[in-house]
Amino acid sequence: MPLPVPVLPEGPEGVDPAWLPDEAFRPIGSRRTLIRGWGPLARTAHQNVAEACARFGGRVERDASPGPFDLVLELTPGEDSSEAFTYERGHGRTTVTSSGQRGLLYGLFHVVRLGEAAFREERPRETHRPALALRMLDHWDNVAVHPVMGQVERGYAGGSLFWEEGRARWDLDRVLAYGRLLAACGINAVAVNNVNVHETEARLLTDRIDEVADVAQVLRQYGIRTHLSVTFAAPMVLGGLAGADPLDDRVREWWAETTAQVYQAVPDFGGYVVKADSEGQPGPFTYGRSHADGANMLAAALAPHVGTVHWRAFVYDHRQDWRDRTTDRARAAYDHFLPLDGEFAPNAVLQVKHGPMDFQVREPVSPLISAMSHTRLAVELQATQEYTGQQQHVCWLGPMWSEVLRFGSEEGLPLEELVAVSNVGDDPFWTGHPLAQANLYTFGRLAWQPQADPAGILDEWIGLTFPSAPQRLIDGLHSVLDGSWRTYEKYTAPLGVGFMVQPGHHYGPSVDGYEYSPWGTYHFADRDGIGVDRSVASGTGYAGQYAKPWAEVYESPETCPDELLLFFHHVPYGHVLKSGKTVIQHIYDTHFEGVAEVEEAVEVWASLAGLVEPGRHARVAERYEEQLRSAREWRDQINSYFFRKSGVPDAQGRLIY
Ligand code: GCW
């Protein structure tokens, strides 16, 4: 029985199609496709193909229709939850099969990615499956606009996609379009609210769960499960109980009942995300309980429904004194959580930031990740560019994330799950800076295949976002994005020291902005040298948290890689790097180079006018102006500061204020 041909709801007006412009569907939409099998995502796949056919003149049929067909998408018997699919091309036909609804949809998007090649190049049968089971975006979105943080905490792309005027949006077309973009890069889970759970947002768990259900119902159409950030104090603030002790039976019952109600409203609900005993959020310490006690209580409430709790490991002392050299924020996650390895329930996942500090432009990989061998782990990345230019600067993070994921061994990090803080808002370009879309796409693809070459993913993104682009445009886009993280690193904080940013909002340089603050974020620059001694021999001992060989590599300034030298060691300005330069000359050189690289990128971008749609070109050009201004400010502040501290002039005699 053929289905009536549905047409996707009208796309939200004036919104950038990102990596799914109509044109990307032309190869499919102009041919004949057969879809075999039924189910909610087979229907979504059908809708997508039908819409493309309506535009480009092809046809899509269901089930027993007579051929011939150029493309067959087929659900086969087997595991319904499978995300894997097969792909082959032979005898004039491209075939995608999967036993799972999601697999079928991912197979369709694979064909979209291949474009014309999917119908030209013979290919023996190959199987594609995601390396990581959960590929998730955390939205730091508030329902109500927060007086300090705004609606989206650390959001640089406008307001929330989900929440508007204090409730879930009435019109969820935009959310549907978002789900489609996410499915097309393999993301299968979204947490819809901020991990800092304020009063209004706490209620999403109980009397406002219907609003979550509305959003979930839309995301589900693209195979995305919805998760919710909850406050550990919920039994008190929502349930009227006197405490939230995780070992108190009344508390446990409250969570069990509340969770059962959540599943009434959202049957495929993914689970909870929890920031506890971190930066002032409530947690189990109040009751003398451990993080495992806290996480396991929520895990127990979720287990009957096959839900998961994501418990964040971002726990540290944020009331430190800079004179106290024994407390080291970098050590905190490991010190708190390693003793609990093996104590977490099977459906509790420890969510660890990729570095030990906080999403700086350069950090070592958190030693906790390789150490927790008896705990399920998710690594958290930050797509939103809090410390990497706030989507005013081009900073494509693919190479950084790839380094993290490949750290340690041939197989890379031992992971089941990858999470990123989303960089999306209700901005017409989704991410404020149109080129920041590449970060979102790259995250999804790396979560699917952590060993993939990031530059290849970048080219994939360029190919999808700018189909039929002339080579000059492809080359131009590649050149302004590919090295942009290293460029950003050059003109900002040097050699692995972090936090030389303006306090509070974290945009722009302030060398001593966090130097005397209670947040544990110091570089200890004085007239003789700079850096934090984290060695075992003479420092905080952080280097000793690594397994071999890394503990040894980081322990000594002789073996520590240059780019992390000041993270691990306090050295004189005259210390000679492996590059052969002194630290002080390295600081000057990289800061001049970084700005020169931005100047060059600005020119490349200008030369692409006429090849890029004018609105998008103008938005990027405008942001480049700010990036260049800001990069010069960084260069001058950093160079002057260290010239003044060290008294050492630039060997090349360039202008230092
Ligand atoms: O990077 C810091 C941010 C906070 C954030 C916190 C966290 C959501 O500055 O805004 O809070 O990390 O990850 O919990």
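Each ligand, and each atom within it, is numbered from 1 in the order the structure gives. Bear in mind that the values here come from a model prediction, so they are computed numbers and not experimental data.
Between Tyr156 and His433, a ring centre-to-centre spacing not shorter than 6.0 Å is recorded. Proximity of the aromatic rings of His591 and Tyr491 is defined here by a centroid distance below 6.0 angstrom, and this criterion is not met. The six-membered or imidazole ring of Tyr316 lies near that of Phe314, with a centre-to-centre distance under 6.0 Å. Ring centers of Tyr272 and His310: at least 6.0 Å apart, outside the cut-off. The six-membered or imidazole ring of Trp322 lies near that of Tyr516, with a centre-to-centre distance under 6.0 Å. Between Phe567 and His523, the distance separating the two ring centers is not shorter than 6.0 angstrom.
Protein heavy atom closest to atom 1 (O) of ligand 1, with residue, atom name and distance, is Asp358 OD2, 2.5 Å. At the top of the distance list for atom 10 (O) of ligand 1, counting protein heavy atoms only, stands Glu153 OE2, 2.5 Å. Given atom 8 (C) of ligand 1, the protein heavy atom at minimum distance is Asn196 ND2, 3.3 Å. Taking atom 6 (C) of ligand 1 as the reference point, the nearest protein heavy-atom neighbour is Glu279 OE1, 3.4 Å. From the protein, the heavy atom lying nearest to atom 14 (O) of ligand 1 is Lys275 NZ, 2.6 Å.
Annotation: cation-pi pair Arg362/Tyr488 absent, no NZ/CZ under 6.0 Å from the ring centroid and within 45° of its normal. Figure legend: Arg376 and Trp311 shown without cation-pi pairing, the cationic atom not lying both under 6.0 angstrom from the six-membered ring centre and within 45 degrees of its axis. Cation-pi geometry between Arg169 and Phe162 is not met: the NZ or CZ atom fails to fall both under 6.0 Å from the ring centre and inside 45° of the normal.
For ligand 1, the polar-atom distance check finds an N/O of Arg154 within less than 3.5 Å of one of the ligand's N/O atoms. Considering backbone and side-chain atoms together, Trp140 places no N or O closer than 3.5 Å to any N or O of ligand 1. Residue Glu386 has at least one N or O atom closer than 3.5 Å to an N or O atom of ligand 1. At under 3.5 Å, not a single nitrogen or oxygen of Asn194, backbone or side chain, sits near a nitrogen or oxygen of ligand 1.
Of all atoms in ligand 1, numbered sequentially from 1 with element shown, those under 4.0 Å from a heavy atom of His506 are 9 (O). Counting atoms of ligand 1 from 1 in the listed order, those under 4.0 Å from a heavy atom of Phe314 are 6 (C), 7 (C), 12 (O), 13 (O), 14 (O).
Under 4.0 angstrom from ligand 1, the non-hydrogen atoms of Arg312 all belong to its side chain.
A heavy-atom separation below 4.0 Å is found between Lys353 and ligand 1.
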